[in-house]
Amino acid sequence: MKRSTVKELLAFTEINSDVLLKGWVRTRRGNNQVAFIAINDGTIIHSIQVVADLQSFPEELMKRVTTGSSISVTGKLVESMGKGQNVEIQAAEIRILGDSDPEVYPLQKKGHSFEFLRENAHLRFRTNTFGAVFRIRHALAYAIHKYYNDRGFYCLHTPIITASDAEGAGAMFKVTTFDLDGIPRNKEGDVDFTEDFFGRPTNLTVSGQLEGELGALALSSIYTFGPTFRAENSNTPRHVAEFWMIEPEMAFCDITDNMDLAEDFLKYLIRYTLDHCQDDLEFLNKMVDKGLLERLRFVMEHPFERKTYSEAVEILMKADRKFEFQVEWGLDLQAEHERYLVEQHFKRPVILTDYPREIKAFYMKQNDDGKTVRAMDVLFPLIGEIIGGSQREEELDKLQNRMREMKIPEDELWWYLETRKFGTVEHSGFGLGFERLIMFITGMSNIRDVIPFPRTPKSAEF
RNA sequence: UCCUCAGUAGCUCAGUUGGUUAGAGCGGCGGACUGUUAAUCCGUAGGUCGUAGGUUCAAGUCCUACCUGGGGAGCCA
C-alpha cells in the first residue's frame with residue numbers, strides 16, 4: 001500500500017478506506033483498553049489520531065510507542081468517536097520504525113522555551129511552532145521566485161566569494177586556504193596573498209548588489225536570492241552572521257518605481273502566505289503572537305506612508321516625546337525614531353527617502369540639492385528596517401567624485417565603473433532581509449528562530 | 001562591543017536577614033482507570049546549585065573574574 005501523508009489523510013473524504021501512515025509520535029494517551037497516538041509527519045501542522053485497541057497489540061510493541069519514536073500504521077480511516085478531531089485511524093497493524101528512549105528524548109508533550117529549543121535545533125523542527133515557521137519559510141522562498149518570474153525578472157546567482165571589500169557594508173569573513181600556523185609573508189613582512197588560493201585577499205559576500213547591477217544593465221530586471229555574511233559582533237534578536245537576502249535590481253527605473261515595487265512585493269508576499277499557510281498562521285496567531293493576523297491584514301490593506309528624511313526629522317523634532325538620541329538634520333535616525341514614526345505617528349509601514357548623502361553609501365543617486373541622495377528605507381512595525389535600497393548613481397563623473405570623497409578604491413571596482421562608461425542608464429534596486437521578512441510574517445521575535453541553523457557570535461553548533 | 005537581567009532535577013521555576021538531610025509543577029518510570037485531547041488518580045527515582053577563586057565557624061544565598069543565555073543599545077538586512 002502506498003503511504004499517505006497526514007495532510008492527505010486529513011483532507012481525504014473516503015471514510016472506511018484502508019490507509020498506510022508513517023510518522024513520528026507526538027503524544028500518547030489512553031487507558032488500559034485503548035491507546036490514542038497522535039502522529040505528525042510535518043506535512044501539515046495537525047497531527048492525526050491513531051486509535052489502538054490494546055487487546056489487539058502485544059504489550060512489548062505498545063511500550064515502544066513513545067514520544068519521538070517513528071512508527072508505521074495500517075488501518076482504516078474512520079470518523080472519530082471522540083471530540084477534537086473529525087477523523088482518526090483505527091489501527092490494524094503497527095510497526096516501530098525507530099525507537100526513541102523517553103528517558104533521554106529532549107522534547108516533551110508540553111511546550112518548551114525557544115531558548116531551550118535553540119539548543120536543540122536539530123530536533124526543533126518536530127515542534128508545532130518550528131514546523132509552522134519552516135513551512136512558511138519555504139512558502140515565502142517559493143513566492144519570491146514566483147513573484148519575480150511572473151514579472152519578467154531573471155534570477156541571477158551573484159558570487160558568494162568576492163575579492164572586493166569596497167562595499168562598506170560591515171566586517172567580512174576572510175576566505176583563505178592558508179595554513180593559519182604558517183602564513184606566507186613577503187619581504188616587508190606583510191601577508192603574501194599571491195600565495196593564497198585566489199592570488200589575492202577574498203571574503204564572503206556582504207551583498208550581491210554591485211554584481212546585480214551588472215546583470216540589470218543588460219537583462220533589464222534581475223533579482224538575487226542567496227546567502228549573505230556579516231562578521232559584525234552583533235548580539236541582538238535581529239542579527240545573524242549568515243542570512244539570506246533578496247536583491248532586485250531594475251534598469252530604466254527610478255526611486256518611485258523602486259518604492260512601488262517594494263510595496264507591491266511585500267504586500268504580495270503577505271497575501272501569498274495568508275492564502276497558502278492559513279493553518280500555520282492561525283497556530284502562530286494563537287500561540288506566539290495574538291496580534292499577528294490582524295497586523296498582516298492591516299499592512300496588506302493600507303498604503304505605506306511615503307515621506308522624505310527631512311520631513312521625518314521635522315515630525316520627530318515636533319514630537320511630544322523625549323528621545324534618548326537627539327534628532328538633528330544630518331544625523332542618522334535611531335531605532336527609537338523609526339519605531340516612533342511607524343508605531344506611534346503613522347501607525348503603518350513607512351518609506352523614507354532622500355537621506356543626507358553623508359550617512360549613505362557611495363553608489364546612491366545624488367540629488368540636485370547637493371545634500372541628499374535617493375535612498376529609500378522601508379520601515380516596518382516591530383522589526384524596523386526591512387528593506388534598504390536606492391536609485392543608483394548612473395553618471396560616471398558624479399560616481400567617481402563620490403568614491404574619491406569616500407576613499408573607495410576605484411581600481412578595485414573598475415568593472416562597476418565600466419557600466420557607467422558604456423551605455424549607462426537610470427536604475428534602482430533594494431535589499432530585503434529574508435529572515436526579517438519571516439519574522440514579520442510569523443510573529444517570531446528572534447531571528448535565530450526563523451533560520452534553521454543560526455550563525456551568531458560564539459555560536460555555530462549544528 | 002556597551003548596559004542590564006539570569007544560570008538550582010530532563011523542562012519551567014521557588015529557595016526568607018548566610019544556618020541542619022535543596023523544594024514544587026510538568027516530564028520519565030511503576031501502578032490504577034472502557035474514548036483520551038497538555039487525560040485523570042496513586043506511588044517512585046532523579047541535583048558537582050554555570051565554572052574558578054575569595055570572605056566566613058558556616059555559601060544555592062555575599063564578593064571578584066570568566067563562560068553561556070535573554071532583553072536593550074550600537075552596526076545593519
What do you reckon, do A/F243 and the base of B/A77 stack, with centroid distance below 5.5 Å and planes below 30°?
yes
Is the NZ atom of A/K7 crowded by more than 12 outside heavy atoms at less than 6.0 Å?
no
What is the nucleic acid contact for A/M245, judged by heavy atoms within less than 4.0 Å: base, sugar-phosphate only, or nothing?
sugar-phosphate
Applying side-chain hydrogen bond (donor to acceptor under 3.5 Å, both in side chains) to A/S207 and A/E247, what does each step give before you reach the verdict?
CA-CA 8 Å; A/S207 164; A/E247 296 179 288; 2.9 Å; yes
Touch class at under 4.0 angstrom, heavy-atom based, for A/S80 against every strand present:
base
Taking B/G69, B/A77, B/U36 as options, the one with an atom nearest any side-chain atom of A/F36 is B/U36
Which part of the nucleic acid, if any, lies within contact of A/A35, taking any heavy atom under 4.0 Å across all strands shown: a base, the sugar-phosphate backbone alone, or nothing?
nothing
Once you apply a heavy-atom cut-off of 4.0 Å, does A/I386 come out as touching a base, just sugar-phosphate, or nothing?
sugar-phosphate
Passing candidate, side chain to side chain contact (heavy atoms under 4.5 Å, CB included) with A/I441, options A/L140, A/L274, A/L292
A/L140
Under a 4.0 Å threshold between the charged nitrogen and the carboxylate oxygen, would A/D41 count as salt-bridged to A/K22?
no
Looking only at atom P, what distance separates B/A22 and B/A65, rounded to whole Å?
30 Å
Rounding to a whole Å, what distance do you find between A/N233:CG and B/C76:C1'?
13 Å
When all nucleic acid strands are considered with a 4.0 Å heavy-atom cut-off, which category describes A/T236: base, sugar-phosphate, or nothing?
base
Mind checking if A/H239 touches a base, just sugar-phosphate, or nothing, with heavy atoms under 4.0 Å?
base
Below 4.5 Å, heavy atoms only, C-beta onward: do A/I37 and A/M62 meet side chain to side chain?
yes
Heavy atoms only, 4.0 Å cut-off, all strands: where does A/V240 land among base, sugar-phosphate and nothing?
base
Mind checking if A/Q108 touches a base, just sugar-phosphate, or nothing, with heavy atoms under 4.0 Å?
base
Using a 4.0 Å heavy-atom cut-off, does A/E435 contact any base of the nucleic acid, only the sugar-phosphate backbone, or nothing at all?
nothing
Contact class for A/P237 (heavy atom, under 4.0 Å): base, sugar-phosphate, or nothing?
sugar-phosphate
What is the nucleic acid contact for A/I387, judged by heavy atoms within less than 4.0 Å: base, sugar-phosphate only, or nothing?
sugar-phosphate
Quick one: the side chain of A/N235 and the base of B/U1, do they pair up donor-acceptor inside 3.5 Å?
yes
How is A/R26 classified with respect to the nucleic acid when contacts are heavy atoms under 4.0 Å: base, sugar-phosphate, or nothing?
nothing
Between A/R339 (CZ) and B/A73 (C1'), how many Å, whole number?
12 Å
